2 protein chains.
Amino acid sequence: MAQPNLPNLTVQQLEYLVAAAEGPTRAVAAASLGVTASALSQGLAELERRVGVRIFERQGRQTRLRPQANEVLTHARRVVAETRDLARWAGMQRTGQAGMVRLGTIDAVAVNHRAEAIRRHRRATPGLDLRLTVAPSGALLDSLLVGDLDLVVCVEPTGLVDGLVISPCLEELLYAYAPSDVHVGAPTEWGPWVTYPEGSHTRKVIAAGLSVLGAPFAVIAESNQPEVLREMVRLGMGWAVLPAAGAEAGAEPLTRARSRPVGVRRLVVARRADVVTDVAVDNLASVLLRG
Amino acid sequence: MAQPNLPNLTVQQLEYLVAAAEGPTRAVAAASLGVTASALSQGLAELERRVGVRIFERQGRQTRLRPQANEVLTHARRVVAETRDLARWAGMQRTGQAGMVRLGTIDAVAVNHRAEAIRRHRRATPGLDLRLTVAPSGALLDSLLVGDLDLVVCVEPTGLVDGLVISPCLEELLYAYAPSDVHVGAPTEWGPWVTYPEGSHTRKVIAAGLSVLGAPFAVIAESNQPEVLREMVRLGMGWAVLPAAGAEAGAEPLTRARSRPVGVRRLVVARRADVVTDVAVDNLASVLLRG
DNA sequence: CACTATACTTAAGATTAACTAAAGTATTAG
DNA sequence: CTAATACTTTAGTTAATCTTAAGTATAGTG
């Protein structure tokens, strides 16, 4: 489309021009750039040739800028400044202080286990655009695979997921909680249950744990939110198996029906395998793994 | 020396990046630049190396821009546009006064309001290479910002556009037109409508005007060309709100459904703010403002 | 009027960058 | 599976840029 061949000016040539305009003599300008006067002279001659307009003129034994040079000089200053900005941005990008990370976690991680770590990391890297999505584990892993998220903390998926790198992060003990007015008998008498919806990773862990204890698993209500499940137990709707952090927080914590846990929920940090290493993501991942 | 040596980017490398971002594939981009795909590939690899940030990634057999590339791409577009300005200035400097102006207008301006003014100006300055692009307002402003156009006459954008200088040019009254066989009742009975596509500046003006009148705005067909909309009304497909100049021209002019206008479309002359003053553009701009 | 320091420029040779053409590597489409 | 597509890599050539060293012109000094 637009074919009027542009002059192939280099940032270096523009730097030469800026330095030559600022220094009292070219020798000084050359020294401040760390090149020889000869290099500066040749570089400026080439710049003038490419722009195609006489920019310099001899006055005595000095070479001075002609009035026409002001347009070129303005252009040079602008491009040099813009390139400096770009270089600074690139430096921050390399060290992970800038950029964007789309983090997804289950609610227990964002609300309890890593809330403080995320807040600290956000304060420590103000240039970082950190976006947090809270959703169930399955949805998070789907988004990660599709590329809508960069980093996920969720319940360990059953079996290997192709294309993901998964690192163990922490383990949550799951306890059974009964409504306050109910007698806790043998596990065979437990229930009915309020729990996570069909398809939830945590529900699989709960079902397996209850099965080992010989407890029936009759589900009468479902929710993805542990706070909602906790309230259902408090209202006497049924029993629940929940991570202690969620069940025993707030003004009226639930009390465990049994001191030993029903199961263990293993939380992991996941990221795409094929993706180019991004320092910002690496940094956040290590913060989340450390706690 | 507080100088963290700047990357020696060349205008050519930045042009490569812009072309690569705009072309569907690198092969196409390379051809549009008149170089081989290999040259483009090597040039972009060198650019990436100098910036020091990964900006490309393979996706299937294509190489795509990573999100990080946007910063670099913005920089590239800006520097390329600035260099184009500089080159044009240099050309005028060399040739004395002749130059090139790339004018963009919406169709009503080129066809009706300023057709004669443009013809006169072309005759008056035979040395001027005046290029006219007719397109919708949004596309014109995009081209202007990118540097593909020097001067634009379009519908006034909503809100300030950064980097542009905008001067009011003229106002067009927009009237409602009904198919000839339709009874014109109260505005609440008007429609359905044929109008400009979603996103069009003019459409926003029309929608606001109809809303004030209490007329429903059910759209059954769209076109960017007022002639096409006029023909649709003539064929009885629906109602339209159009500038009088477009609707009431030709052999069979439409007649207004209501003598008072539905809205006002304000046309403006726009140009980039950062550009070096170009006498040729200045002259044309004042011709267009005067009429 | 030399004599010399200053301020650049030009020349020569080495290094580096950038191009084309051709071969290589995945990936997708039939 | 084969062919086509989309890039990248390699090899070899040409162009640009650097340094050192020599050249030119000017200004100040005795």
Side-chain angles (χ1 to χ4, degrees), chain A residues 3 5-52 54-66 69 76 83 147 162-163 272-276, chain B residues 1 3 5-52 54-66 69 76 80 83:
Chain A
Q3 282 285 53
N5 276 350
L6 291 183
N8 184 21
L9 310 181
T10 70
V11 166
Q12 199 160 56
Q13 287 163 355
L14 300 175
E15 277 188 281
Y16 283 5
L17 178 60
V18 171
E22 277 167 6
T25 72
R26 287 194 169 185
V28 173
S32 82
L33 290 168
V35 298
T36 62
S38 175
L40 188 72
S41 177
Q42 293 176 64
L44 290 175
E46 182 62 23
L47 172 66
E48 190 175 47
R49 198 185 63 70
R50 291 186 188 178
V51 173
R54 303 255 313 119
I55 301 175
F56 302 102
E57 62 192 353
R58 296 302 299 254
Q59 179 177 317
R61 60 183 168 184
Q62 295 209 21
T63 305
R64 317 211 82 160
L65 294 172
R66 302 181 72 204
T83 305
D162 200 39
R272 274 202 308 293
D274 60 341
V275 91
V276 190
Chain B
M1 270 185 283
Q3 300 221 353
N5 278 351
L6 291 184
N8 184 20
L9 310 182
T10 70
V11 167
Q12 199 160 59
Q13 286 163 355
L14 299 176
E15 277 189 279
Y16 283 7
L17 178 60
V18 172
E22 276 167 8
T25 72
R26 286 194 169 184
V28 173
S32 82
L33 290 167
V35 299
T36 62
S38 174
L40 189 74
S41 178
Q42 294 176 65
L44 289 175
E46 183 63 22
L47 172 67
E48 189 176 49
R49 200 184 63 72
R50 290 184 188 180
V51 173
R54 305 253 314 116
I55 54 183
F56 301 104
E57 64 189 353
R58 296 301 301 254
Q59 180 174 314
R61 58 184 171 187
Q62 296 213 36
T63 305
R64 319 212 77 157
L65 294 172
R66 304 183 68 205
V80 168
T83 304

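In this text the structure is predicted, and so the values were computed from the model without any measurement. Residue numbers start from 1 in every chain, and the chains themselves are labelled A, B, ... in the order their sequence lines are given, proteins ahead of strands.
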(request) Look at B:Thr25 and D:dC7 and indicate whether a side-chain polar atom (N or O) is within less than 4.0 Å of OP1 or OP2. (result) yes
Residues at least two apart in sequence or cross-chain that pass side-chain contact (heavy atoms from CB on, under 4.5 Å) with B:Glu22, listed by chain then number, are B:Val18, B:Arg77
When rounded to whole Å, the CG to P distance for the pair B:Leu47 and D:dT8 reads 13 Å
Taken to the nearest whole Å, CG/B:Leu65 to P/D:dA6 is 16 Å
Rounded to whole Å, the CZ-P distance (B:Arg64 to D:dA6) equals 12 Å
Here the distance between atom C1' of D:dC18 and atom CD of A:Glu15, to the nearest Å, is 16 Å
Contact string for nucleotides 24-30 of chain D, one letter per nucleotide 5' to 3', B = base within protein heavy-atom range under 4.0 Å, S = sugar-phosphate only, - = neither, reads --BS---
Hey, does the side chain of A:Glu48 reach the backbone of A:Phe56 with a donor-acceptor pair shorter than 3.5 angstrom?
yes
By side-chain contact (heavy atoms from CB on, under 4.5 Å), B:Gln42 pairs with (sequence neighbours left out) B:Ser38
The complete set of salt bridge (Lys or Arg N to Asp or Glu O under 4.0 Å) pairs with one or both residues in residues 26-37 of chain B, sequence neighbours excluded, reads none
Taken to the nearest 0.5 Å, the spacing of B:Arg66 CZ from B:Glu57 CD works out to 5.5 Å
Rounded to the nearest 0.5 angstrom, the CG-CD1 distance for B:Leu17 and B:Ile55 is 5.5 Å
With sequence neighbours left out, the residues meeting side-chain contact (heavy atoms from CB on, under 4.5 Å) with A:Thr10 are A:Gln12, A:Gln13, A:Arg50, B:Asn8, B:Thr10
Item checked: Phosphate-side-chain proximity, A:Thr63 and C:dT9, N/O vs OP1/OP2 below 4.0 Å -> yes
Rounded to whole Å, the CD-P distance (B:Glu48 to D:dC7) equals 14 Å
A:Leu33 atom CG is separated from D:dC18 atom C1', nearest whole Å, by 14 Å
To the nearest 0.5 Å, atom CZ of B:Arg49 lies from atom CZ of B:Arg54 at 14.0 Å
Step-by-step side chain to side chain contact (heavy atoms under 4.5 Å, CB included) determination, B:Leu9 to B:Leu47:
CA-CA 7 Å; B:Leu9 310 182; B:Leu47 172 67; 3.7 Å; yes
In 5'-to-3' order, the base (B), backbone-only (S) or no-contact (-) status of each nucleotide in nucleotides 17-23 of chain C, using a 4.0 angstrom heavy-atom cut-off, is SSBBB--
A:Leu44 CG to C:dT9 C1', in whole Å, measures 12 Å
